[in-house]
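Each remark here refers to the structure printed beneath this line.
Labels below follow one simple rule: chain letters A, B, ... track the order of the sequence lines, proteins then strands, and each chain is numbered from 1.
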There are 2 protein chains.
Amino acid sequence: MRQKVMIPKEVDNIIFRPIGIIHSPYKTKEETPCQGYRSHEEGEVEVFEEFEEGLADLDGFSHIILLYLFHKSDSYSLKVKPFLDDSLRGLFATRHPRRPNPIGLSVVKLLSRRKNILRIAETDILDGTPLLDIKPYIPQFDQREKVEVGWLEGKRINFPERSCRH
Amino acid sequence: MRQKVMIPKEVDNIIFRPIGIIHSPYKTKEETPCQGYRSHEEGEVEVFEEFEEGLADLDGFSHIILLYLFHKSDSYSLKVKPFLDDSLRGLFATRHPRRPNPIGLSVVKLLSRRKNILRIAETDILDGTPLLDIKPYIPQFDQREKVEVGWLEGKRINFPERSCRH
């Protein structure tokens with residue numbers, strides 16, 4: 001069955017609705033790690049039951065991309081001081097959560113699925129985060145070689161496991 | 001200066017607004033490639049001038065992640081037949097553009113920036129697509145090893161350069 005989504009013709013306001021909720025051990029911004037790839041904590045993605053059918057075949061993927069709302073970020077600045085730097089940087093050259101459209105993106109490990117519940121690891125997401133989309137992580141699409149990382153070049157990207165949220 | 005974003009307290013409807021427009025040689029869905037990593041066409045990201053300041057420091061990154069609206073996708077099904085397969089698959093186990101929240105994600109090559117205009121390559125994005133966010137592509141965050149790709153396993157992911165849109 002085809003279901004409607006809400007995109008106004010003039011594409012001015014775009015209206016999204018959560019398709020689920022992400023549960024994690026991180027109850028506050030302060031205890032949430034910067035990036036999940038060093039985290040050993042597990043979490044759960046609760047996809048609302050009306051979308052469960054869309055999770056078929058996801059089980060075979062070891063990693064998935066979660067797109068979600070940074071729901072605690074209700075404002076933004078175009079220059080920010082990132083965790084790894086003392087200089088002000090352009091917002092779009094950082095992964096700072098306070099953005100004009102506060103969409104978070106995390107690659108997480110998919111441990112298992114039971115009905116509408118996904119068990120995940122390597123998560124850096126705040127408990128109670130509204131889920132917007134799930135995509136399979138596909139190296140051919142999502143990985144690039146010979147990558148340069150601008151102001152991050154030469155910095156040791158070695159986050160503490162906790163507490164570097166803004 | 002801090003600017004407000006619109007997240008209603010109850011996080012039911014989420015309202016986003018485009019921060020720019022993506023220009024590409026692909027004028028119709030039919031001529032747009034499935035995935036950009038095999039495309040040699042170039043395109044331009046026009047970020048609206050009010051956000052130009054946020055592009056500072058982006059130049060040093062060789063690759064960026066674009067999040068955008070699949071603005072031609074106004075409905076969805078929870079089971080879809082992906083381009084690479086003859087079976088119906090769960091929507092969230094595919095990169096199909098028709099989704100409950102039709103957010104597109106592409107890793108593209110950043111060639112240059114001039115003021116609010118980014119010149120990009122390896123693009124698979126339809127001309128006129130509304131831009132939602134730009135993030136720097138950072139291998140430590142965005143790449144994973146030992147990846148399994150479920151129903152795609154063993155399939156030769158070898159898209160034609162054009163025409164596999166839905």
So, for [X] and [Y], which heavy atoms are closest and what is the spacing to 0.1 Å?
X: B:A56; Y: A:A93; value: O-CB, 3.5 Å
X: A:F51; Y: B:L78; value: CA-CD1, 3.9 Å
X: A:S62; Y: B:E148; value: OG-N, 2.7 Å
X: A:E145; Y: B:H63; value: O-CE1, 3.9 Å
X: B:P18; Y: A:D12; value: CD-O, 3.0 Å

With side chain to side chain contact (heavy atoms under 4.5 Å, CB included) as the test, would you mind laying out the steps for A:F61 and B:L152 before giving the verdict?
CA-CA 9 Å; A:F61 290 84; B:L152 275 165; 4.2 Å; yes
Considering only heavy atoms and a distance below 4.5 Å, find which of A:I19, A:L55, A:I103, A:L91 pairs most often with chain B.
A:I103
Counting heavy-atom pairs under 4.5 Å with chain B, the top scorer among A:L58, A:L88, A:D57 is A:D57
Under 3.5 Å, is there a donor-acceptor pair between the side chain of A:N101 and the main chain of B:L132?
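Judged by distance alone, yes, a pair lies under 3.5 Å.
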Please check: side-chain N/O of B:R144 versus main-chain N/O of A:Y137, any donor-acceptor pairing under 3.5 Å?
no
Looking at B:E49, I'd like to know if its CD atom is crowded, meaning that more than 12 non-hydrogen atoms belonging to other residues, nucleotides or ligands lie closer than 6.0 Å.
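For B:E49, atom CD is not crowded (no more than 12 foreign heavy atoms under 6.0 Å).
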Under a 4.5 Å heavy-atom cutoff, which of B:P136, B:S87, B:G60 has the most pairs with chain A?
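The candidate making the most pairs under 4.5 Å is B:P136.
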Tabulate below the donor-acceptor pairs under 3.5 Å that side-chain atoms of residues 109-121 of chain A make, not counting sequence neighbours, or state none.
| from | atom 1 | to | atom 2 | distance (Å) |
| --- | --- | --- | --- | --- |
| A:R113 | NE | A:D59 | OD1 | 3.2 |
| A:R113 | NH1 | A:K115 | O | 2.8 |
| A:N116 | ND2 | A:V47 | O | 2.8 |
| A:R119 | NE | A:E42 | OE1 | 3.3 |
| A:R119 | NH1 | A:E44 | OE2 | 3.2 |
| A:R119 | NH2 | A:E42 | OE1 | 3.3 |

Sequence neighbours excluded, the answer for side-chain contact (heavy atoms from CB on, under 4.5 Å) partners of A:E50 is A:F48
Just wondering, do [Y] and [X] contact through their side chains at under 4.5 Å, heavy atoms?
X: B:L67; Y: A:L67; result: yes
X: B:E53; Y: A:F92; result: no
X: B:I65; Y: A:L105; result: yes

To the nearest 0.5 Å, tell me how far A:I14 CD1 sits from B:N13 CG.
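Nearest 0.5 Å value for the CD1-CG distance: 13.0 Å.
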Would you call B:R95 and A:D142 a salt bridge, taking side-chain N to carboxylate O under 4.0 Å as the test?
yes
Taking side chain as everything from C-beta outward and backbone as N, CA, C, O, which of these in A:T94 sits under 4.5 Å from a heavy atom of chain B? Side chain, backbone, both or neither.
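Just its backbone gets close to chain B.
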Decide yes or no on side chain to side chain contact (heavy atoms under 4.5 Å, CB included) for B:F141 and A:D124, but give the supporting numbers first.
CA-CA 11 Å; B:F141 302 170; A:D124 59 345; over 6 Å; no
